[in-house]
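The chains referred to below are lettered A, B, ... by the order of the sequence lines, with proteins before strands, and numbering in each begins at 1.
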Protein chains: 2
Amino acid sequence: MPIQAPRHIGTDLAGVIASDRVLTDASSLARYSHDRADWADFTEPLAVVLVTSAEEVSAVVRYARDQGIKIVPRGTGTGLSGGANGVPDCIVLSLELMTQVVELNPAERYAVVQAGMINDDVRAAAATVGLWYPPDPASSAISTIGGNAATNAGGICCVKYGVTRDYVLGMEVVLADGDIVQLGRRTAKGATGYDLTGLMVGSEGTLGIITEVTVKLLPLTGRGERAIVGYFPSLAAAGTAVAEVSRAGIIPAALELVDRTCLHAVSAWQGVDLPEDADTLLLAKIDEPGARGEELSQQLAGIFRAAGGADVQQSADSAETDRLFQARRLAYPALERLGPVLTEDICVPRGAVPAMLASIQETAARHCVVIANIAHAGDGNLHPLIIAPEGDLEVKDRAKLAFDEIIARCLHLGGTVTGEHGVGLLKLPGAAVELGERVGRMHHAVKDSLDPEHLFNPGKAFS
Amino acid sequence: MPIQAPRHIGTDLAGVIASDRVLTDASSLARYSHDRADWADFTEPLAVVLVTSAEEVSAVVRYARDQGIKIVPRGTGTGLSGGANGVPDCIVLSLELMTQVVELNPAERYAVVQAGMINDDVRAAAATVGLWYPPDPASSAISTIGGNAATNAGGICCVKYGVTRDYVLGMEVVLADGDIVQLGRRTAKGATGYDLTGLMVGSEGTLGIITEVTVKLLPLTGRGERAIVGYFPSLAAAGTAVAEVSRAGIIPAALELVDRTCLHAVSAWQGVDLPEDADTLLLAKIDEPGARGEELSQQLAGIFRAAGGADVQQSADSAETDRLFQARRLAYPALERLGPVLTEDICVPRGAVPAMLASIQETAARHCVVIANIAHAGDGNLHPLIIAPEGDLEVKDRAKLAFDEIIARCLHLGGTVTGEHGVGLLKLPGAAVELGERVGRMHHAVKDSLDPEHLFNPGKAFS
């Protein structure tokens, strides 16, 4: 039973939130009831509130606390782990309308943006002053910077440039008592007090609601763009190439792997011809400019060939690079044509990538499910994509078994259950094993210290 | 009155800690009673315990908790803010004997080292397998990796390569109940749970005792070493050069500033001839290899000259680079000859460096104290060095007034009271202003959640 009837929330918040931004119609409640992880549990919210300022967030927080209602914060709901799925008796608080650049400071190389700003828009705004925001999750065209910060989102360029955490200097956060605080700094360095900014990054909305993010930017200039791609006869051969790149001391700006299942799905969909014996595709980028970039690109192509790579192509032209990376970009939509996709996000030691991929193939065969793999191979971050044909409930059960087995194997290999998507709901059991009982208790202690009434996103991120 | 007579601690810990590692003699108690910030308050400990394992740390923690004794953890005591100064009724727990490499993993590019290992020794160990540990505090020859992590130490190469926080992947920590936990990960990426590793970094020993640190390493190869130095006729001219370097999108591997007072102290001590009108020295490093490095070096030298830099020299030879950086290296010892040095560690927006330095000169003149400046100019991180001739108590009072004024001015300019040394005791009032009351309360809540009895380093890092 809801504590508060949905239709009252708009009335209760009248004078604080414009009535057209408090949604209680059936279609909105359904639409906002989960992110892209509808494999995980979700409950329809009592209401959806579209906020436009930290002050409005604060008012909703105080109201919810008074009423004993929970708050599930979200951006555009592109999460893949259920972090924004509705919980019983909750308001879904969406920051998607908070899309403004608050400050863009070229001299100090930072931007202050509202939490609902789309990742690509942050990058575009930075580019207008010759600066670059590196973190590039696959969802960059549709996911928000606040959600990226809340989940510590990664991406393709992380192998060289790091993840969201590495670019968040500070933030504005609404706390569980409704107070609005500024955390972090805008200077290049700083060591004052606990890193509460870093604690908020990746906390999946369980400690406070991020309303504004200050991100560090890099110079846009001085980088080249060279692509190197090669087809390998086996996962093992591609794994050897990845290990050799690392051993040579090369840190590419991207090092992606696309497996046979993905390649054939793209080929079948787009009519792309694959080289004979093509089993695994590796795609790399080198962004050192000039002669150094050319030298590294040649060296990388040589490593690809030595490891058995065929049809190795190099490009220093951005249109050609885009074409070469096409198979990577089309993999996910090509697979979605085959049925709902359950996305894994494990990260194992780089050297364990071939063993992990082999184990995934074995798991797929044993449970009679299709599992395709896209991997940020240079980071050891794998995305096994488990495909269950629509409506086949029994396949869905087998998919979940495969999912659990992959996580167990990843932990056995010294890996982590989430490289960049967050724990949400889907990874709760794996996270509990990974963290262990004592570190789990530390999580509860920290949660209780900052959100004693468990107002924010209860039941997410840790169990 | 001490809760426990010092001479009992050795007896009490017999069977757990070898008796020769429990020090209670007057000389040891005096020696371990403070770090390099003897300007701050300190109290002699009841005993000094030199531990050799996490299990020993755990035993001391449980003992201290039972006895109501506080614990002040420390490495080699090179801190400059009083973070390791003794507090009433405490054991100083030193990790300086824990100096082993636990694991060095070239394939995954990380090292696991005990907390007492010296920073330079970590770098040397990494180099044996072709890898590099970047963070390079000025104390790198004498400070420990555990202390570096506890204070989030910086250094010269931070402007390009980041601070200690950016290299700590995980750690072993002894908690306030004596439990030993592993935090973080050894994979390249990871987003499982709260970033408790990051919370420990910079927490100055107030949340747990770090016994082991897992650090990320970079390839050692692929970097050149070019130095560019120039003398400027004024702080303003040097400030213009720093701003122009940033505007050009160049991120040098070092960009250091040495002011007139330092230059003249070095010149007087070493008989180094200074160019006529030399007021401020800028020293830069460029580490891109090959033609790109040469191009950037030329570009930087051009910016120096255009901003009024005289005697601009470039070097691509490491011995010559060392010679050019000599004035930077000798500045601190040259100043220490003039009297005890009170070291500031403010960080302001890069663009505010000239205004901050001008304000410092004005403060020095008004309080009739000598203040020299070394600055990580590329980061806006300034080290005003306030010199008080030995024995002159009145000068010491004026020095403290100047110290407080500099901090107030730094905050007014949007800066932070500590860029890389930590708050310790010296920066407590400034940190309170910087964090504000509500964020201060968040600190207390987090502290209480992980160290409810305030066993670890009470009264440090935040007030």
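- Counting heavy-atom pairs closer than 4.5 Å to chain A, the top residue among R247(B), M200(B), K447(B), R165(B) is R165(B).
- A donor-acceptor contact shorter than 3.5 Å links the side chain of E108(A) to the backbone of R350(B).
- Using cut-offs of 30° and 60° on the angle between ring planes, the pair H443(B) and Y194(A) is parallel.
- Contact count against chain B (heavy-atom pairs under 4.5 Å) is highest for T206(A) among I250(A), T206(A), N105(A).
- Residue T187(A) holds its OG1 atom at 9.0 Å from CG of D379(B), rounded to the nearest 0.5 Å.
- Of the two parts of I346(B), neither the backbone nor the side chain holds a non-hydrogen atom closer than 4.5 Å to a non-hydrogen atom of chain A.
- Of all the listed residues (V163(B), L450(B), T221(B), L199(B)), the one sharing the greatest number of non-hydrogen pairs under 4.5 Å with chain A is L450(B).
- Residue pairs satisfying the salt bridge (charged side-chain N to carboxylate O under 4.0 Å, His left out) criterion with at least one member in residues 197-208 of chain B, sequence neighbours excluded, are absent.
- Side-chain atoms of N152(A) and D195(B), non-hydrogen and from C-beta on, never get closer than 4.5 Å to each other.
- Ranking L296(B), N381(B), V417(B), L220(B) against chain A, the residue ahead of the rest is N381(B), based on heavy-atom pairs under 4.5 Å.
- Counting heavy-atom pairs closer than 4.5 Å to chain A, the top-ranked of the candidates P349(B), S203(B), G249(B) is P349(B).
- One distance of note links NE2 of H444(B) with OG of S449(A); it measures 12.5 Å at 0.5 Å rounding.
- With respect to the salt-bridge test (charged N to carboxylate O, under 4.0 angstrom), the residues K189(A) and D345(B) do not qualify.
- Chain B forms more heavy-atom pairs under 4.5 Å with one residue of A153(A), G293(A), S246(A), A461(A) than with any other, namely S246(A).
- Remark: the T192(B) side chain and the T416(A) side chain contain an N/O donor-acceptor pair separated by less than 3.5 Å.
- Contacts of R109(B) with chain A are made by both backbone and side-chain atoms, with heavy-atom separations under 4.5 Å.
- Contacts of E434(B) with chain A are made by side-chain atoms alone, with heavy-atom separations under 4.5 Å and no backbone atom involved.
- Interface remark: of the candidates A107(B), G380(B), G130(B), G193(B), G193(B) forms the most heavy-atom pairs closer than 4.5 Å to chain A.
- With respect to chain A, the highest number of heavy-atom pairs below 4.5 Å among A188(B), G351(B), C158(B) belongs to A188(B).
- Of the residues considered (G198(A), P289(A), A352(A)), P289(A) shows the highest number of contacts with chain B, using heavy-atom pairs under 4.5 Å.
- Heavy atoms of L131(A) lying under 4.5 Å from chain B are absent altogether.
- Contact annotation for A431(B): both backbone and side-chain heavy atoms come within less than 4.5 Å of a heavy atom of chain A.
- Using a 4.5 Å heavy-atom cutoff, the side chains of L207(A) and M442(B) are not in contact.
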Kindly determine whether R438(B) and I180(A) satisfy side-chain contact (heavy atoms from CB on, under 4.5 Å), including the steps that lead there. CA-CA 9 Å; R438(B) 186 65 186 88; I180(A) 303 169; over 6 Å; no

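- Neither the backbone nor the side chain of E295(B) comes within less than 4.5 Å of any heavy atom in chain A.
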